[in-house]
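Everything on this sheet refers to the single structure shown next.
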Amino acid sequence: MTDKELVIEAINAMKNSYSPYSDFKVGAALLTENGKVYTGCNIENVAFGPSICAERVAFFKAISEGEKNFSKIAVVGGKNGAVTSPTPPCGVCRQVMREFCSDDFEILIVRENENYDKVLLKDLLPQSFKPEILSK
Ligand code: THU
């Protein structure tokens with residue numbers, strides 16, 4: 001699975017977004033270390049609080065299927081079903097990523113035309129509160 005293929009998986013997942021309140025569709029594609037892909041989209045709710053981001057849907061699908069080791073995630077978002085802006089993961093999703101991934105986990109933040117910026121989790125969530133702290 002190339003980075004570009006993972007980006008395309010995220011773009012396809014975006015189409016399933018349920019986002020009638022923000023009209024901002026997000027798709028994510030999470031790659032496991034053994035090459036399997038779990039996708040997610042944002043799912044909103046009329047009460048707002050129960051809404052969930054695309055990244056966490058992808059993670060929770062994978063975790064609930066027994067996956068534990070992840071190498072990267074691609075994230076794409078925008079208005080009116082198009083990729084209108086880069087969509088860096090929100091703070092809650094970054095913390096969820098740090099629960100299951102190392103500092104070197106890769107995040108592909110998609111821009112227009114399937115282009116992307118690759119960033120590391122340690123740069124998105126520096127000085128993180130991480131599982132290793134409680135295990136000491
Ligand atoms: N959203 C995501 O799915 N992922 C992010 O990283 C940022 C925000 C969703 C939440 C909400 O449904 C919509 O985008 C607008 O905030």
Side-chain angles (χ1 to χ4, degrees):
M1 167 74 47
T2 65
D3 285 356
K4 203 82 176 180
E5 287 168 336
L6 195 65
V7 164
I8 289 164
E9 294 265 4
I11 291 169
N12 286 335
M14 187 182 171
K15 294 175 187 140
N16 293 326
S17 164
Y18 176 76
S19 43
Y21 305 105
S22 70
D23 190 34
F24 192 86
K25 292 181 189 290
V26 184
L30 174 64
L31 182 66
T32 69
E33 279 183 0
N34 47 25
K36 205 165 166 194
V37 176
Y38 290 84
T39 60
C41 62
N42 57 329
I43 303 170
E44 299 181 347
N45 187 279
V46 64
F48 286 22
S51 302
I52 186 167
C53 293
E55 298 93 317
R56 272 175 289 148
V57 170
F59 265 93
F60 295 160
K61 280 169 71 178
I63 298 291
S64 69
E65 297 291 324
E67 301 288 354
K68 288 187 173 62
N69 301 305
F70 305 102
S71 58
K72 61 187 80 172
I73 191 168
V75 188
V76 61
K79 288 253 170 194
N80 305 312
V83 182
T84 52
S85 71
T87 304
C90 81
V92 173
C93 288
R94 293 178 196 200
Q95 185 66 34
V96 167
M97 288 175 192
R98 192 59 190 78
E99 186 69 25
F100 301 108
C101 304
S102 71
D103 280 333
D104 292 324
F105 180 68
E106 294 178 350
I107 297 140
L108 314 181
I109 301 174
V110 182
R111 290 182 274 108
E112 69 294 338
N113 302 322
E114 297 171 14
N115 293 316
Y116 58 89
D117 297 314
K118 187 183 285 192
V119 294
L120 299 179
L121 183 54
K122 65 182 166 203
D123 295 321
L124 288 188
L125 195 66
Q127 299 190 35
S128 61
F129 188 64
K130 51 197 169 189
E132 298 91 300
I133 291 173
L134 291 191
S135 66
K136 275 178 190 154

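These numbers come from the heavy atoms of this one structure, side chains and all, not from hydrogens, waters or symmetry mates. Just so it is clear, the model here is predicted, and its values are computed rather than measured. When a ligand or atom number is given, it counts from 1 through the structure's own listing order.
With a heavy-atom cut-off of 4.0 Å, Ser22 touches ligand 1 through its side chain alone. The backbone of Pro88, and not its side chain, has at least one atom closer than 4.0 Å to an atom of ligand 1 (non-hydrogen atoms only; backbone = N, CA, C, O).
For atom 7 (C) of ligand 1, the closest non-hydrogen atom on the protein side is Thr87 CG2, 4.1 Å. Scanning all protein heavy atoms for the shortest distance to atom 8 (C) of ligand 1 gives Cys53 SG, 4.1 Å.
Taking a distance limit of 4.0 Å, we find that atom 16 (O) of ligand 1 is approached by no protein heavy atom.
The closest approach between any non-hydrogen atom of Ala54 and ligand 1 is below 4.0 Å. Between Cys93 and ligand 1 there is no heavy-atom distance shorter than 4.0 Å.
Heavy-atom contacts of Cys90 reach the following atoms of ligand 1: 6 (O) (cutoff under 4.0 Å). Residue Pro89 approaches ligand 1 through these ligand atoms, each under 4.0 Å from one of its heavy atoms: 6 (O).
Closest heavy-atom approach to atom 13 (C) of ligand 1 among the candidates Lys25, Glu44, Arg56: Glu44. Distances from atom 4 (N) of ligand 1 to the heavy atoms of Glu55, Arg94, Met14 show the closest one on Glu55.
In terms of N/O distances under 3.5 Å, ligand 1 is approached by Asn42. Between Val26 and ligand 1, not a single N/O pair is under 3.5 Å apart.
Under the 3.5 Å distance criterion, the side-chain polar atoms of Lys25 are left unmatched by any main-chain donor or acceptor of Ser19. No side-chain donor-acceptor contact under 3.5 Å links Ser71 to the backbone of Glu33.
With a 4.5 Å cut-off between side-chain heavy atoms of Ile, Leu, Val, Met, Phe, Trp and Tyr, the cluster of Leu6 takes in Met1, Val7, Ile11, Met14, Leu31, Val37, Val76, Val83, Leu108, Val110, Tyr116.
Closest of all the heavy-atom pairs between Ala29 and Ala10 is CB-N, 3.6 Å.
Following chains of ILVMFWY side-chain contacts shorter than 4.5 Å, one can reach Phe70 starting from Phe60, so the two form part of one hydrophobic cluster.
Atoms CD1 and CG, on Ile73 and Leu30 in that order, are 5.0 Å from each other to the nearest 0.5 Å.
Aromatic ring pairs are classed by plane angle as parallel below 30°, tilted from 30° to 60° and perpendicular above 60°; the pair Tyr21 and Phe48 is tilted.
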